[in-house]
Structures are given as C-alpha cells and as structure tokens.
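First the structure, in the form of structure tokens, and then the observations on it.
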Amino acid sequence: MEDHPELMPLLTVSGGAMRGLSFRVGRGVQVIGRAPSADIVLADPHLSRRHATVQATTDGVLLTDLGSTNGTWLNDRRISGSVPLADGDVVRLGRTDLRLYDPGVARTDPVGMSFGAPRRDQRPTLPLPVPAPRQPIESREALPIDAR
C-alpha cells in the first residue's frame with residue numbers, strides 16, 4: 001500500500017477550524033495534537049499537545065487516546081486506550097471532527113465512484129430542474145411621467 005499512497009486510509013477534517021484538510025494515515029504511529037512536533041497538527045485550543053495516535057495496521061486503522069484532558073470520541077462515544085476504526089467513522093478531538101475514509105474497504109470513494117456491484121438502495125442521478133426563462137416586466141413607457 002505504501003507504493004500507492006492513494007490507497008492509504010485518509011482522515012479528513014469534517015468539522016472545525018481546519019475543515020476540508022486531509023491527512024494520510026501511514027503504517028507508523030502518528031501523533032495527533034496541537035503541538036508543532038505532532039505528526040498531524042490541528043489548530044484547536046481544545047486539543048492536548050499530544051492528544052491521540054493513529055496508525056494503519058494490517059487489520060485496519062487503530063486510534064489510541066493518549067490520556068487527553070478533553071478526551072477522544074469515536075462516533076459520539078468517549079474512548080480509552082486503543083480502538084479500531086471503520087470506514088466512515090467520525091473521530092472528535094476537542095472541537096475538531098475527523099472522518100475516516102479507507103479505500104481498502106470503502107464501497108464508494110469521496111466523489112461517489114462505486115467499487116464492486118451496484119447497491120439496490122442507490123438512486124440514479126437526475127438532472128436539476130432548469131427554471132423557465134423570465135418574462136419581461138411590462139414596459140414603464142406606457143405610464144405617465146407622474147406615475148413613475
């Protein structure tokens with residue numbers, strides 16, 4: 001997988017000041033925190049300097065809380081120690097939400113391309129309705145000058 005970084009799991013900031021930024025999760029342990037020395041630096045004053053770690057393993061992605069003051073939350077449940085992450089999980093650290101995308105197990109990629117057989121609950125994409133052209137407003141030339 002390291003030969004193809006696009007296949008490595010991805011943490012994307014889905015809520016908070018850094019919304020939209022993404023970080024690849026590698027095989028080595030990566031520290032998440034607000035300290036400049038952290039591997040994944042998040043500008044959130046509610047984070048500990050060394051808040052949590054994340055690591056891609058052969059069994060998936062592993063998240064570990066490092067005894068942070070405000071805690072590490074997985075899908076709205078506070079965790080302690082290490083827990084495995086699944087594609088689509090939301091990790092909350094301080095006031096920052098991170099969503100995991102794991103292309104190794106995901107059925108869709110971030111832009112909606114499907115992998116594998118189509119799902120039965122998938123709806124076809126329909127074009128948006130186009131509004132009818134606007135009709136011109138009656139000419140004001142017919143009104144007397146005093147009425148304008």
Side-chain angles (χ1 to χ4, degrees), residues 1-140:
M1 254 195 253
E2 278 98 18
D3 295 339
H4 301 282
E6 67 275 4
L7 297 177
M8 296 300 289
L10 187 69
L11 281 174
T12 300
V13 180
S14 59
M18 299 177 70
R19 188 176 187 166
L21 283 178
S22 295
F23 306 93
R24 288 279 174 203
V25 179
R27 293 275 182 214
V29 175
Q30 295 171 284
V31 175
I32 305 171
R34 63 181 166 86
S37 61
D39 300 302
I40 299 175
V41 179
L42 298 175
D44 183 340
H46 299 277
L47 253 66
S48 296
R49 287 178 184 84
R50 295 175 45 86
H51 198 98
T53 63
V54 66
Q55 178 182 15
T57 67
T58 55
D59 296 325
V61 178
L62 195 62
L63 174 71
T64 306
D65 180 66
L66 297 177
S68 60
T69 304
N70 292 327
T72 299
W73 300 74
L74 174 60
N75 299 324
D76 293 327
R77 291 198 172 147
R78 189 171 184 160
I79 67 161
S80 60
S82 298
V83 295
L85 297 180
D87 182 61
D89 278 348
V90 176
V91 176
R92 189 174 73 234
L93 309 163
R95 296 207 176 143
T96 301
D97 291 340
L98 301 165
R99 181 176 296 274
L100 179 73
Y101 166 67
D102 189 346
V105 296
R107 293 187 52 86
T108 60
D109 74 3
V111 294
M113 293 176 60
S114 182
F115 299 103
R119 297 185 349 217
R120 296 183 80 204
D121 63 342
Q122 198 169 14
R123 290 182 267 153
T125 303
L126 299 174
L128 292 173
V130 178
R134 298 178 76 180
Q135 298 296 326
I137 299 175
E138 291 183 34
S139 174
R140 297 177 71 180

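Note that the structure is predicted; figures quoted are calculated from it, not measured. These values consider heavy atoms only, across backbone and side chains, with no hydrogens, waters or symmetry-generated copies.
- Heavy-atom minimum distance, L100 versus P9: CD1-CB, 4.0 Å.
- Sorted by first and then second residue, the pairs that involve residues 58-77 and meet salt bridge (charged side-chain N to carboxylate O under 4.0 Å, His left out), not counting sequence neighbours, are D76-R92.
- Scanning for side chain to side chain donor-acceptor pair (under 3.5 Å) contacts around R95 gives H46, with sequence neighbours left out.
- Atom CG of L10 is separated from atom CG of D102 by 9.5 Å, given to the nearest 0.5 angstrom.
- The backbone N or O of A56 lies less than 3.5 Å from no partner atom in the side chain of Q30, so there is not a single donor-acceptor pair.
- Of the possible donor and acceptor atoms, one in the side chain of R24 sits under 3.5 Å from a partner among the backbone N and O of M8.
- Looking at D87 and Y101, their side chains come closer than 4.5 Å, going by heavy atoms from C-beta outward.
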Counting only pairs under 3.5 Å, give me each side-chain donor-acceptor contact of residues 34-41, with atom names and distances, residues two or more places apart or in other chains.
| unit_1 | atom_1 | unit_2 | atom_2 | d |
| --- | --- | --- | --- | --- |
| R34 | NE | L47 | O | 2.5 |
| D39 | OD2 | V31 | N | 2.8 |

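- More than 12 non-hydrogen atoms from other residues, nucleotides or ligands lie less than 6.0 angstrom from CZ of R78.
- At distances below 3.5 Å, at least one donor-acceptor pair connects side-chain atoms of H51 with backbone N or O atoms of G71.
- The stretch residues 7-21 participates, sequence neighbours left out, in these side-chain hydrogen bond (donor to acceptor under 3.5 Å, both in side chains) pairs: T12-S22.
- Considering L98, L62, L74 in turn, L74 is the only one that fulfils the side chain to side chain contact (heavy atoms under 4.5 Å, CB included) rule with L85.
- Residues passing the side-chain contact (heavy atoms from CB on, under 4.5 Å) test with V90 are N75, D97, R99, sequence neighbours excluded.
- Judged purely by atom type and a 3.5 angstrom limit, Q55 uses its side chain to pair as donor or acceptor with the backbone of R27.
- Atom OG1 of T96 is separated from atom CG of L11 by 12.0 Å, given to the nearest 0.5 angstrom.
- Atom OG in S82 sits 9.0 Å away from atom CG in L66 (nearest 0.5 Å).
- Closest of all the heavy-atom pairs between A43 and M18 is N-SD, 3.0 Å.
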From CA spacing to verdict: side chain to side chain contact (heavy atoms under 4.5 Å, CB included), L93, D44: CA-CA 9 Å; L93 309 163; D44 183 340; over 6 Å; no
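- Note that the OG1 atom of T72 and the CG atom of L63 stand 6.0 Å from one another [nearest 0.5 Å].
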